[in-house]
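Take a look at the structure below.
Below, chains carry the letters A, B, ... as their sequence lines are ordered, and counting in each starts from 1.
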Amino acid sequence: MPNGTVLLSLVAIPAYFAVCLLVGRLLTQLLANRPEAVSVAGAPLLGAATLGVQLWLYGTARIPWNPITLVLPWLILAWIRRQPLHAALVADWSRLRIEGRAAQALDTFAIVVATLTGILMFTYLLNLITEPLTGFDAISMWFFKAKVFFLSQGLNLSSIGGLGTYQPGDSGPFHVTAGLIRNLDYPPLFSLMVASVYALVGGVHDTLGKGVDFIFIIVAAATVWTSLAPILGRRLAMIFMFLVTAVPTVQTALDNPIDTGYADYGLGVAMLASLANLQRAWSGGQSSTWVLAIVFASIAALLKQEGLLLLVLVMLLAAWRARQLLASPAVVASIGVVSAWEVTASMHGWRAHHLLNDSLASLPSVLPTRAVLIAAYTVMVVIHDGKVLWLAAAYGVSVWLVLRGARSTAGIVLVALTLQFVAYFAVFTLNPGEFVGIVDRLAIQATPGLVLLLGLAIAVPSARSGTPVRSLPRDRRQVVLAEQVGVEVIDRADVRGRELE
Amino acid sequence: MASATAHANGHRATAGHRRGIALVFVYVWAVYALVQAGNLVTSENYLQALHVAPRAAQGAAGDGYAQTLIKLERTLPAGDHVLLVWRRQDTQPAVSFWYGYFWATYWLYPRTVDIVTTAGAVDGSYTTLLDVRSTGAPEIDVPAGFSVNATYIYSDQVVTVLRRDHA
């Protein structure tokens, strides 16, 4: 007989997913009446992040953290917006049914890949909720903060720095404060998301808290599918969806107990969601894709500081191409939350890691040697570590395709990822810190974006950018031809959804 | 005109050639990932995962010190003030020290935990002493007002729990 706690956990995490999906779908529906599929794909992540930020606000306002206070506002909003929400969910369901029917036409290889993707997702879920919590950073930092947040019902980091390291009067042999090692300056969203699981189940359940990663893997798969299926066809998109769930770096992040409970994979998926929306926005998608590119980049910045660069880049691009959207409530709220965190961290003096540890005068002599060493070490890791080698090869192939191709849809994603890598290199050149131990985590962060990049690079540019329609997959040709002559393609279920709106 | 058409055809052929090479890469990567994922799925013991309570799995994870903390998490009063006496001799003393500190502060939270590396005079505010020593190291001198509550002996270390009398 299976263990009762395991069975309950197998229900609890999908239930948490359903709550996040509801919240995220309500928000995307507020942004756009008929958001693009790639935007809907990120809805659970948007919902999960919103619940985390909601807890932060509750802590500030001294509102208790429990399932009722957390979910009730959303149930009320769902009731107020029941008609458009129902229409949206019906439309989503019809999209899923269409995809399900189309999947029956896939060949054996694609069916094997699809089946294995499903089994892998279940395996990840089972491992997340049954394997013990053992990761060093998970225990010292991410889950410790979640526990402190939940038990103190607030974003109470001040108390962590003050927790005693040594008995009063004893200096001890190791002169580093626990506050510094716990990286109090790291953004709080991942820990808040874990705390939201605790709030929903009414207590600290360490292994259940790791279930938040299940949101990330589903969003990664859905985002890659919705981005690539229309331009690559279902068979190839299925293979990319498999890659984004199965490559060894993802297995490390979701299946290896000593590596689970970290924010890196979540950061990678938030960046993926942002890049996918950015790519759509750049290719002339709905205005809501610009807004969601910024919102997901903000989520990335609230998960780990590495996400800040993407946020700045997306903001700059939006300022260039869609300036009027920068004043939209969603953008203002997202930037407001990120800014609130940066101000809070600065006010409390939590800037533990400084970008520059050397004196300015010594930089000219130090930097060149350090840059060469880091570059050489990176090359060595790429050569020796099979996991990283595949990712590096995917990046290389993508660069080759984008640079040699004309009007590729992948260009903007390539620029964003390349700037991200350059920033990593620059930061470690200025402050090597723990570079040697961190390469694996950077690879995990980059994986979802690299899979998307390769898929976009392989895609034949869409009809809108001038490529012959016959180059597109058969199931996409009809839609593109119809768009060219100004006829909107809708299916019967969508019509039903619109009637309800 | 004919030259331009030939040029365009040539360009398309080259682009198709590049895409073909990239597709080969994607399929090879997919097969590699398929093998890796297949290994993961086939080596997974689903029945065991379904049958073992997560708390039991957590209680059996890690070394003796980590396992003792799970026991103490369930038994020590929430308001306890704990002094961890970390006397383990490991090859990386700093890493070991921080491991001792972080694991104790995590699993024993909301109890406050301080740490020392030598047993000396104990501040009057502590209600629990947790002595962690390598096997073979001398036993702790029980401070006045404390008595041994439990001793957990593992192959590489000994964890002794001392409680303040009448705490």
Go through Thr105(B), Thr117(B), Val113(B) and name the one with the most non-hydrogen pairs under 4.5 angstrom from chain A. Thr105(B)

Where does Ser125(B) contact chain A at under 4.5 Å (heavy atoms): side chain, backbone, both or neither? neither

Between Val52(B) and chain A, which part of the residue has a heavy atom less than 4.5 Å away: side chain, backbone, both or neither? backbone

Specify the closest pair of heavy atoms between Arg18(B) and Arg404(A), including all atoms of both residues, with the distance to one decimal. NH2-O, 3.0 Å

Quick one: closest heavy-atom pair of Trp103(B) and Thr134(A), and the distance? CZ2-O, 3.5 Å

Might you point out which heavy atoms bring Leu133(A) and Trp107(B) nearest each other, and give the distance in Å? O-CZ2, 4.1 Å

Given heavy-atom pairs under 4.5 angstrom as the criterion, report whether the side chain, backbone, both or neither of Ile115(B) touches chain A. both

By a 4.5 Å heavy-atom criterion (distance strictly below it), what part of Met1(A) contacts chain B: side chain, backbone, both, or neither? backbone

Would one find more than 12 heavy atoms of other residues, nucleotides or ligands at under 6.0 Å from atom CG of Asp107(A)? yes

Which region of Leu34(B), side chain (C-beta onward) or backbone (N, CA, C, O), has a non-hydrogen atom less than 4.5 Å from a non-hydrogen atom of chain A, or is it both or neither? both

On a heavy-atom basis, which atom in Ala49(B) and which in Thr130(A) lie closest, and how many Å separate them? O-CG2, 3.5 Å

Test item: Arg19(B) side-chain N/O and Ile458(A) main-chain N/O as donor-acceptor pair under 3.5 Å: yes

To the nearest 0.5 Å, tell me how far Leu126(A) CG sits from Gln48(B) CD. 10.5 Å

Between Tyr109(B) and Phe144(A), is the ring centroid distance below 6.0 Å? yes

Give, as side chain, backbone, both or neither, the part of Ile129(A) having an atom under 4.5 angstrom from any heavy atom of chain B. backbone

Pairwise side-chain contact, Arg55(B) with Asp206(A), heavy-atom cut-off 4.5 Å (strictly under): yes

Atom pair CD1 (Ile139(A)) and CG (Leu69(B)), whose distance is rounded to the nearest 0.5 Å: 9.5 Å

Quick check on Leu151(A) against chain B: is it the side chain, the backbone, both or neither that has a heavy atom closer than 4.5 Å? side chain

Hey, what do you get for OG (Ser140(A)) to CH2 (Trp98(B)), rounding to the nearest 0.5 Å? 10.5 Å

If I measure from the heavy atoms of chain B, does Val148(A) come under 4.5 Å with its side chain, its backbone, both, or neither? both

Chain A contact via Gln36(B) - side chain, backbone, both or neither, heavy atoms under 4.5 Å: both

Measuring heavy-atom distances to chain A, does Tyr99(B) have an atom under 4.5 Å in its side chain, in its backbone, in both, or in neither? both

Do you know which of Leu83(B), Leu47(B), Thr118(B), Thr112(B) has the most heavy-atom pairs with chain A at a distance under 4.5 angstrom? Leu83(B)

Please test Leu50(B) against Asn3(A) for side chain to side chain contact (heavy atoms under 4.5 Å, CB included), starting from the C-alpha separation and ending with a verdict. CA-CA 6 Å; Leu50(B) 283 168; Asn3(A) 178 267; over 6 Å; no

Near-ring test Phe242(A)/Trp29(B), centroid separation under 6.0 angstrom: no

Specify the closest pair of heavy atoms between Phe102(B) and Arg182(A), including all atoms of both residues, with the distance to one decimal. CD2-NH1, 3.2 Å

Is it the side chain or the backbone of Phe143(A) that comes within 4.5 Å of chain B heavy atoms, both, or neither? both

Contact class of Thr123(A) relative to chain B, heavy atoms under 4.5 angstrom: both

Quick check on Tyr32(B) against chain A: is it the side chain, the backbone, both or neither that has a heavy atom closer than 4.5 Å? side chain

Which atoms of Ile21(B) are under 4.5 Å from chain A, going by heavy atoms: the side chain, the backbone, both sets, or neither? side chain

Counting heavy-atom pairs under 4.5 Å with chain B, the top scorer among Thr207(A), Leu243(A), Thr5(A) is Leu243(A)

Go through the steps for Phe122(A) and Val41(B) under the test side chain to side chain contact (heavy atoms under 4.5 Å, CB included), then give the verdict. CA-CA 10 Å; Phe122(A) 175 74; Val41(B) 167; over 6 Å; no

Shortest non-hydrogen separation from Glu44(B) to Asp255(A) and the atoms involved: OE1-OD1, 4.0 Å

